[in-house]
Amino acid sequence: MSRARQPPLVTGISPKEGAAWTKVTIRGENLGTGPADLIGLSICGHNCLLTAEWMSASKIVCRVGPAKDDKGEIIVTTKSGGLGTSTVSFKLIRPERIGILDQSAVWVDELTFRTDRNKGISPLSLRPSNPLGIDIDKGKITPKDLELTFPGMSADFTSENFSATWYLIENHAGSSFDQLKIAASNLKKQATKKNEGSLAYVKGGLSTFFEAQDALSAIHQKLESDGTEKVEGSMTQRLENILNRASNTADTLFQEVLGRKDKADSTRNALNVLQRFKFLFNLPLNIERNIQKGDYDVVINDYEKAKSLFGNTEVPVFQKVYAEVETRIGALRSLLLEKLLQTPSTLHDQKRYIRYLSDLHAPGDPAWQCIYAQHKWILQLMQNCRDEFISGQRVGAGALDPEGDTRPPALGRLSHTASLKRGGSLRTPRSSNWHFETPQQVQFVEKLSDVVIGQLPNFWKLWISYVNGSLFSETGEKSGQVEKSKKNARQRQNDFKKMIEELTSRLVKLIRGALLPATLPQGELSLYGGWESKTELAGSWLTQIIHTVRGCHEALSAMEIPNDLLQVIQDLLLDLRVHCLMVTLVHTTEDVNRLAEKEDWLVDNEGITSLPSRFEQCMVQMLQSLKEPLEIKPGETNVLQLEQVQDQAAELSVRIMKVFVNSLEQLSTKTDGDINTSHNISVDLSSPDRFTGIQEGFTPTSEQRLLIILSNCQYLERHTFLNLAHHFEKHSFTGTEKITRVSVDAVRGLDRKLFEAYIERRADPIAGSLEPGIYAGYFDWRDCQTPTGVRNYLKEALVNIIAVHAEVFTVSKDLVPRVLSRIVESVADEMCRLMQCVSSFSKNGALQARLELCALRDAIATYLNADSNASFKLALESLPQLHSGADKKLLEELLNKFKSSMQLQLTCFHASSVQPIKR
C-alpha cells in the first residue's frame, strides 16, 4: 500500500491583489499530480476550479472570481493530498461601477460587466481532462527532464507550442499499443461529433427561418397593394415618421452625453498623442537640462533619434517642436565650439568636443579650427614667457659676488688662505658673503622648454588623430566623416608642417635672442632680443642650457616628428656647443690669470707650491665641464672636427698656457715692496736666520721666489703639461701636440730666463769677491811666505757657496746640482782668469796658489762639470810645477788640514747624490 502524499501548501500568489477575473499564478508544494488530481481551488472563499489550469506540482494558473470576501486565503484540494493550507492571502479590489450616463472626471473604458445570466466560461475549463479517453499512466520522467528534452515546447494541447510526443510521454508512457489505437479512435469520434453538432443546430432552427421568410413575403405583398407612390398616411410614411421621431428623441436624450463623449475622445486622442510622442515634446527641455549637466552624449543621441523620426515630418505641430530642437542644438554647437577653442585644455577634452561637434554635424572643420587655435596659443605662450623675463616680473636674477662675477665655481674659485696640495680637491668652502642664484637666461630656457615639451606633444597627437580619423565616433564613421577628415588632413598637411616649423623656429629664435643675439638678423632683435642688460653666462650655465635644449629635442624626436622639422634645433645646439666651448676657454683664461693671486709660497717636500696643482685641476675641471657640450649625440656634429672651431679652440688653449706662464713670470718680478712682509729678512747670506724652514705665513725674498718658480717650472714641464696632454686627448681635444709643444717652449723659456737671473744674483757676488780677497793685505804672488793653509777669502767663498746650497736646498733639492754647477763654473772661470793674469809666481806663491785651487776644486768636486774642470785645469797649468817632494808633501798636508778643519761645512757638498742637470 503506497504512502499518502502531503497535503497541498500554497506559499505564493502573484499578483497579491486585483479585481475580479484577474489572472493569478499560484505557487506552492504538493499542488497535485495532474489536472485530474486537482479537485478544488478557492480564493477568498470563491470556487475558482472552473478557470484553474494545472501547470505542475508547484504551479497553478487561474482567474479570481467575484468573491464576497475582500481578503482571504488560497485553498487547494487534491485527491492525493486532500485539503491544503496557505501561508499567503489575496486581496480582492472592487472597482466602482460607473453608468453610461454618470459624469466622470476621467475616461472610463467600456467594460463588459457580468450579469446574472450564465456567461460562457474560459476555454481553459472547457478542455477535457482526458482527451484520449484511456487511462492515464504517468511515467517516471520528471517535468524538468522533459523541458530540457523539448525546449520551447509544451504538453498543453491548447498551447501554440503543443508537442504530442511530450504529452504521450508524460501521460501515457506505460500505455500499450492497443490502448493507443483506442485513443486514436476516440479522437476521430470526437471530431465527427463536433461537425454533426453544428449541422444539427442548423436543422433545429430551420422552421424559424421559414417563418421569417413568410413574414417578409407578406410585408412585400402589402406594400405592393398600397402602391409604389409616397402617399400621406401610408404605412411606410407612418413608419418613417415614427422612426424619425424615435431618432430625434434619442438624439435629444443622448446629445449632452454624446458631446461629452466626443470631447473626451478628443482629449483622449490628444493625450494619446502627447503620450505617444512625449519624447519629441519633452526634448527641448531635456536638451537644456542635459547641457547644464554636461551630458552631451545623451543630447546627441536624443537629437539623432528625433532627426531620424521627425526630420522630414509634415505635421505642423511636430515641425514647430522640431524647429525648437534645432535652435537648442545650434546653441549647443556654439557652446561646444567655444569650449573647444578655449585654452588651456587637455587633449582628452579636445577630442571629446570635436567628436560631439562631428556628431552634431557642425559646419566647417572643428578639428582644424582647434589645431589652428592651439598653434596660436602655443606661440603666444612662448612669446609671453620671453616678455615676462624681459619685463623683470620674474625675480631671481643671479646676484653678484664680491668681485662682480656671476659665474659659478665650476672652474674653481680658490681660497686665498687654504693651502692646496697636489692631488687635493678644488672644492673649498664658500665664504659667508658669497651668494649665487640661477641666472634669468637659464630660467628662461628651462621655462620655455617646459612650455614646448608640455604643449607640443598634445598638439602633435591631435594632428595624428585628425589624420587617422580617430577623433570621430561610430556615428561619424558611418556618416563618412572619417574619410572626409582624412581628405582634409591630406590637403592641409603642408599647412600643419608650416605650423611645426613656426613653433620650432620661434623656440630657436627666442633662445638665440637670449644667448646668441649676434646670430639673429637685426630686424628680429627687437622681437626676440632685449637681454643686453642681463649678465653674461659662464660655461657651466651654458652646459645646463645645452642639456635642457637636448632634452627638448629628444622629447620632440620621441614623438616621431620628422627630422627636417627639428633641424633648426640641431643647428641651435651646434652653435650653443661652440659658444659654450669658446666661453669656457675664455673664462678659464681669466681664472688661470687670477691663480697667481692665490700663490701662498708654501712648498712641499719636492719644492712645489700648490700653484701647478691648482692650474692642473682648473684645466681638468674645464675639460670635465666641456664633456657634455663636446659629447656627440645621435644626429649631432662633432664640434672639434670643424676646422674653424679647431683653430680657435687650440689658439685659446695655447693662450691659457701662456697666460699661466706669464703669471709665473709676473710673480718672479714682484719686488719685496709688492709683498706684505710679516718680518724682516737679513740679506746677509751668511746669516743662519736666512734659511729657517718655510712655514705658514712665510714671505719669500725675490731670490727665493725665483727658486720656487724655477721648481714649479720644472714640475710643469715634467708632469703637469704631460698630464694635461693626456686629459686633452681623453676628451678628444684636437691640437694637443701643438698645445703641449708651445706650453713646454714657453715654460722652458721662462725657466732659462729665471735661472740666469738667479745665477746672476748669486754667482756674481761670489766670483766678484775672489779678486779682492786674493790680494787683501797687499798680497803678492812673487813675494810671499811659505804657505801655512788656505786663506780666508777662499773659505769665505766656500761659505757663500754653502749659503747658496742651503737656500736652494731649502726650496728644492732637485735644483741644487743645476744651481751649484753654474755657481762652481762661474767661480772656477774667475779663478782661472785670475791665475792667468798673474805674470810670475815665486816658489811659495805657486805653492799657495796650487793649494787654494786644489782645495777649492776638491771641496766642490761634486758639482764640477766639463767647463769648470777645464777652467781648473787651465788655472793649474798656468802655475809653475812642483818638483821637490817636500813641496808636494807640504801641499798634501795642507790640503788634508783644510779638509779636516772644513769637514762640517763641506758635508753638504757630499750629501747630495743628484747628478748635475744639463740644460
Side-chain angles (χ1 to χ4, degrees), residues 422 589 592-593 595-596 598-616 618-619 653-671 674-675 694 700-726 736-764 804-826 863 865-868 912 914-919:
R422 284 182 295 109
T589 304
V592 168
N593 191 35
L595 283 180
K598 313 296 192 293
E599 177 62 276
D600 53 12
W601 302 106
L602 298 178
V603 298
D604 59 9
N605 294 332
E606 297 180 8
I608 312 301
T609 65
S610 61
L611 198 57
S613 177
R614 292 172 185 266
F615 171 67
E616 180 178 348
C618 181
M619 296 297 293
S653 300
V654 169
R655 182 184 173 192
I656 292 174
M657 302 297 182
K658 289 183 177 180
V659 164
F660 183 67
V661 174
N662 292 336
S663 66
L664 293 178
E665 184 176 3
Q666 292 174 3
L667 285 175
S668 68
T669 57
K670 283 186 176 180
T671 62
D674 297 334
I675 304 176
I694 298 178
T701 64
S702 59
E703 290 79 9
Q704 286 176 323
R705 291 202 302 272
L706 289 174
L707 289 174
I708 292 173
I709 295 173
L710 281 173
S711 179
N712 286 340
C713 287
Q714 284 190 0
Y715 186 82
L716 289 172
E717 180 182 351
R718 298 176 187 174
H719 299 91
T720 303
F721 289 156
L722 297 179
N723 293 341
L724 290 179
H726 171 72
T736 304
E737 294 181 359
K738 177 182 177 181
I739 297 172
T740 305
R741 183 180 69 255
V742 174
S743 303
V744 171
D745 292 343
V747 79
R748 282 180 178 177
L750 177 62
D751 179 89
R752 287 192 296 269
K753 182 178 179 180
L754 298 181
F755 182 75
E756 293 299 331
Y758 181 80
I759 294 300
E760 182 180 355
R761 293 187 183 188
R762 290 303 185 212
D764 288 353
V804 173
H805 179 282
E807 184 179 51
V808 176
F809 188 87
T810 302
V811 175
S812 172
K813 63 181 180 180
D814 292 337
L815 285 175
V816 172
R818 180 184 175 193
V819 174
L820 267 292
S821 295
R822 284 295 303 275
I823 297 291
V824 170
E825 181 181 340
S826 178
Y863 302 104
N865 55 24
D867 293 336
S868 56
S912 177
V914 180
Q915 297 299 322
I917 298 176
K918 298 291 183 179
R919 298 300 291 181

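Being a predicted model, the structure only gives us computed values, none of them experimental.
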Taking all heavy atoms of [X] and all of [Y], pick out the closest pair and write down the distance.
X: Asp751; Y: Gln714; result: OD1-CG, 4.4 Å
X: Leu815; Y: Ser711; result: CD1-N, 3.9 Å
X: Ser702; Y: Arg761; result: OG-NH1, 2.7 Å
X: Leu820; Y: His805; result: CD2-CA, 3.8 Å
X: Val654; Y: Val742; result: CG1-CG1, 3.4 Å
X: Val816; Y: Val808; result: N-CG1, 3.5 Å

A side-chain contact here means heavy atoms from C-beta on lying under 4.5 Å apart; do Asp814 and Tyr715 qualify?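 No. Closest side-chain heavy atoms not under 4.5 Å.
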Atom pair [atom1]/[atom2] of [X] and [Y] - distance to nearest 0.5 Å:
X: Leu664; Y: Ile708; atom1: CG; atom2: CD1; value: 12.0 Å
X: Ile709; Y: Gln704; atom1: CD1; atom2: CD; value: 12.0 Å
X: Phe721; Y: Glu616; atom1: CZ; atom2: CD; value: 10.5 Å
X: Cys618; Y: Ile656; atom1: SG; atom2: CD1; value: 8.0 Å
X: Glu756; Y: Leu706; atom1: CD; atom2: CG; value: 12.0 Å
X: Thr720; Y: Met657; atom1: OG1; atom2: CE; value: 9.5 Å

Ring geometry between Phe660 and Phe615 (parallel below 30°, tilted from 30 to 60°, perpendicular above 60°):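 Rings of Phe615 and Phe660: parallel, under 30°.
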Sole residue of Val747, Thr740, Ile739 in side-chain contact (heavy atoms from CB on, under 4.5 Å) with Ser743: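 The side-chain contact (heavy atoms from CB on, under 4.5 Å) with Ser743 is passed solely by Ile739 among Val747, Thr740, Ile739.
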Just by distance, do the side chain of [X] and the backbone of [Y] share a donor-acceptor pair under 3.5 Å?
X: Ser868; Y: Asn865; value: yes
X: Asn712; Y: Thr609; value: yes
X: Asn662; Y: Lys658; value: yes

For Lys753, all residues meeting salt bridge (Lys or Arg N to Asp or Glu O under 4.0 Å), sequence neighbours excluded: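 For Lys753 the salt bridge (Lys or Arg N to Asp or Glu O under 4.0 Å) partners, ignoring immediate neighbours, are Glu665.
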For a side chain to side chain contact (heavy atoms under 4.5 Å, CB included) check, start with the C-alpha distance between Arg762 and Glu807, then their side-chain angles and the critical distance, and finish with the verdict. CA-CA 10 Å; Arg762 290 303 185 212; Glu807 184 179 51; 2.8 Å; yes
A cation-pi test, strictly: NZ or CZ of Arg822 under 6.0 Å from the centre of the six-membered ring of Phe755 and no more than 45 degrees from its axis. Yes or no?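 Pair Arg822/Phe755 does not count as cation-pi.
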